[in-house]
Amino acid sequence: MAYWIKTPAELDERYRQRPTRIGLDTEFIRERTYWPQLALVQMAVGDEILLIDPLIPGMNEALAPWLADTAILKIMHSASEDLVTFKVACGVLPRPLFDTQIGAALAGIGGGMGYQKLVNAVTGVTLAKGETRSDWMRRPLSDAQLDYAADDVEYLFAIHDAIDAKLGELDRRQWLHDDAERLLASVEHDEDRWPHVAMRSAQFMDAPAQHRLLRLLRWRDVQARASDKPRSWILDNELAAVLARTPPADVPALEKLMESFPKAPRKLASQVWQALDTPLDDEADAPLALPANDSNKQALKRLQDAVSARTAELGLPDGVLASRKHLESYLESGQWPPALAGWRREQLEPVLAPLLPA
């Protein structure tokens with residue numbers, strides 16, 4: 001049974017019952033902002049589904065104790081963006097977390113499975129997909145929206161029970177706990193220290209250009225957060241790459257170059273120039289994105305083949321053990337990537353370490 005929660009007092013009353021677990025999902029809007037705007041919270045509690053309106057004053061404050069209570073297990077599916085939304089709206093992250101998408105991968109059910117597909121695999125139920133692009137900020141929400149929202153948490157308990165049982169059989173419950181904590185920590189700290197490495201164009205830049213790109217991307221992130229605008233609205237990747245590769249001589253030259261880019265932030269030209277021209281205190285420590293050559297292509301292929309073999313032995317979906325990005329980091333530095341710490345390192349280091357170039 002689904003209930004529309006209209007007052008914080010209704011949420012407080014149910015919290016006093018102290019359930020041991022809840023299912024959670026959110027609907028949010030982020031197309032025109034940096035920070036997600038929470039539009040709806042769906043919560044499964046016992047046999048009830050609560051549809052919580054965060055636009056009502058005081059509702060997010062009433063929701064925060066649910067999220068912070070470590071005696072209540074929070075079951076979510078593909079939770080990363082929902083976690084950011086909760087952090088912004090409620091100032092707290094839901095712990096402990098059981099992410100059913102991560103759990104399904106570790107249990108060998110499937111990697112990166114969407115909620116509808118996982119529900120069907122576990123329960124045989126086929127869910128509708130009709131409201132994925134709805135305007136969740138409008139009020140009142142339609143019956144179709146409310147039904148769709150309720151479906152998003154109705155089957156979380158059944159999925160949890162099936163996955164948890166399988167993880168228990170495989171002795172992998174700790175794996176899920178570690179991955180959930182890593183996900184929570186990434187949202188909590190919310191910092192990509194080296195954003196330039198993820199840009200493909202950086203592979204074709206020399207070190208000084210990559211350092212300039214890093215300066216621009218860090219500046220862009222600060223501006224986007226402060227103005228609550230998407231990063232691309234501040235400075236798009238194409239212009240950032242052009243400026244890093246061939247920096248203008250001065251602000252007038254930068255302004256002239258910006259005329260060729262319709263979405264260029266002309267009003268911020270002086271700030272862009274200052275960011276481009278001001279070295280960062282830690283840029284000498286920045287890893288460099290390296291272009292693939294025949295030698296490191298072969299070395300990377302050996303690592304990938306070893307990961308694939310270990311993946312098959314463990315009965316895991318492809319991509320769960322290690323991404324190409326993390327293997328490239330390991331190959332370049334010889335240091336174990338922090339993202340592969342814990343159980344992944346235990347499984348992979350014995351087979352990967354011997355493959356590093358001498």
Side-chain angles (χ1 to χ4, degrees), residues 28-39 78 80-85 87-88 112 132-133 135-137 186-187 189-292 323-326 328-329 339:
F28 59 88
I29 304 296
R30 200 176 190 174
E31 285 81 3
R32 306 176 69 83
T33 60
Y34 180 91
W35 303 109
Q37 298 173 281
L38 184 59
S78 187
S80 57
E81 290 190 286
D82 300 299
L83 296 180
V84 176
T85 306
K87 178 185 175 184
V88 172
T132 54
R133 296 187 179 275
D135 178 4
W136 293 101
M137 298 296 286
S186 71
V187 173
H189 301 300
D190 189 26
E191 179 182 354
D192 182 3
R193 188 179 179 191
W194 312 120
H196 66 295
V197 176
M199 282 184 57
R200 180 171 175 78
S201 58
Q203 298 178 9
F204 308 99
M205 299 180 188
D206 59 19
Q210 289 195 40
H211 290 162
R212 289 191 291 267
L213 179 61
L214 173 61
R215 298 170 197 169
L216 288 173
L217 296 183
R218 288 228 191 130
W219 169 83
R220 179 179 73 175
D221 200 60
V222 170
Q223 291 292 319
R225 290 166 183 257
S227 63
D228 196 20
K229 295 289 188 290
R231 290 185 181 92
S232 61
W233 289 23
I234 305 299
L235 183 69
D236 66 32
N237 286 348
E238 181 184 4
L239 179 54
V242 168
L243 295 176
R245 194 178 294 111
T246 54
D250 49 32
V251 174
L254 171 59
E255 293 173 333
K256 184 173 180 58
L257 176 63
M258 284 183 169
E259 294 175 2
S260 303
F261 292 84
K263 296 182 180 180
R266 294 176 179 81
K267 294 181 180 179
L268 300 177
S270 294
Q271 293 185 47
V272 172
W273 168 255
Q274 184 177 6
L276 183 66
D277 198 48
T278 304
L280 300 169
D281 292 339
D282 62 345
E283 68 182 34
D285 300 327
L288 297 179
L290 300 177
S323 69
R324 178 190 178 106
K325 172 185 174 181
H326 295 138
E328 287 175 338
S329 172

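Please read all numbers here as calculations on a predicted model, not as lab measurements. Worth knowing before you read on, the calculation uses all heavy atoms, side chains too, and leaves out hydrogens, waters and symmetry mates.
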*Asks:* NZ/Lys87 to CG/Asp82 distance, rounded to the nearest 0.5 angstrom?
*Replies:* 15.0 Å
*Asks:* Mind listing the closest non-hydrogen atom pair of Ala209 and Asp206 along with its distance?
*Replies:* N-OD1, 2.9 Å
*Asks:* Can you see which heavy atom on Asp236 is nearest to which on Arg220, and at what distance?
*Replies:* C-NH1, 4.0 Å
*Asks:* Does some side-chain heavy atom of Asn237 sit less than 4.5 Å from a side-chain heavy atom of Ser201?
*Replies:* no
*Asks:* Keeping Lys229 on the side-chain end and Tyr34 on the backbone end, is there a donor-acceptor pair under 3.5 Å?
*Replies:* no
*Asks:* Run the salt-bridge test on Asp228 and Arg30 with the 4.0 Å N-O cut-off and return the result as yes or no.
*Replies:* no
*Asks:* Minimum heavy-atom separation for Arg215 and Pro279, please, with both atom names.
*Replies:* NE-CA, 3.6 Å
*Asks:* Kindly give the heavy-atom pair with the smallest separation between Asp285 and Arg193, and that separation in Å.
*Replies:* OD2-NH2, 4.1 Å
*Asks:* Keeping Ser329 on the side-chain end and Lys325 on the backbone end, is there a donor-acceptor pair under 3.5 Å?
*Replies:* no
*Asks:* Once rounded to the nearest 0.5 Å, what's the spacing between atom CG of Leu235 and atom CH2 of Trp219?
*Replies:* 6.0 Å
*Asks:* Could you measure the distance from the CD atom of Glu259 to the CG atom of Leu257? Nearest 0.5 Å is fine.
*Replies:* 9.0 Å
*Asks:* Run the side-chain donor-acceptor check on residues 262-273: report pairs under 3.5 Å with partners two or more places apart or on a different chain.
*Replies:*
from: Arg266; atom 1: NH2; to: Met258; atom 2: O; distance (Å): 3.3
from: Arg266; atom 1: NH2; to: Phe261; atom 2: O; distance (Å): 3.4
from: Gln271; atom 1: OE1; to: Gln223; atom 2: NE2; distance (Å): 3.1

*Asks:* Heavy atoms, side chains only, cut-off 4.5 Å: are Trp233 and Thr33 in contact?
*Replies:* no
*Asks:* So, does His196 use its side chain to make a donor-acceptor pair with the main chain of Pro287 at under 3.5 Å?
*Replies:* yes
*Asks:* Less than 4.5 Å apart, any side-chain heavy atom of Ile29 and any of Pro36?
*Replies:* no
*Asks:* Less than 4.0 Å between a side-chain N and a carboxylate O, is that true for Asp190 and Arg225?
*Replies:* yes
*Asks:* What closest approach, in Å, do Ala275 and Leu216 show between heavy atoms, and which atom pair accounts for it?
*Replies:* CB-CD2, 4.5 Å
*Asks:* Over all heavy atoms of both residues, which pair between Ser227 and Ile234 is shortest? Give the atoms and the distance, please.
*Replies:* OG-CD1, 3.7 Å
*Asks:* Going from CG on Leu213 to CG on Leu276, what distance comes out if it is rounded to the nearest 0.5 angstrom?
*Replies:* 10.0 Å
*Asks:* Indicate whether any N or O donor in one side chain lies under 3.5 Å from an N or O acceptor in the other, for His326 and Ser323.
*Replies:* yes
*Asks:* Is there a donor-acceptor contact under 3.5 Å from the side chain of Gln210 to the main chain of Met205?
*Replies:* yes
*Asks:* Is Ser260 close to Val242 at the side-chain level, that is, under 4.5 Å between some pair of heavy atoms?
*Replies:* no
*Asks:* Quick one, Asp221 and Leu217 - any side-chain contact, counting heavy atoms below 4.5 Å?
*Replies:* no
*Asks:* Does Arg212 have any side-chain hydrogen bond (donor to acceptor under 3.5 Å, both in side chains) partners at least two apart in sequence or in another chain, and if so, which?
*Replies:* none
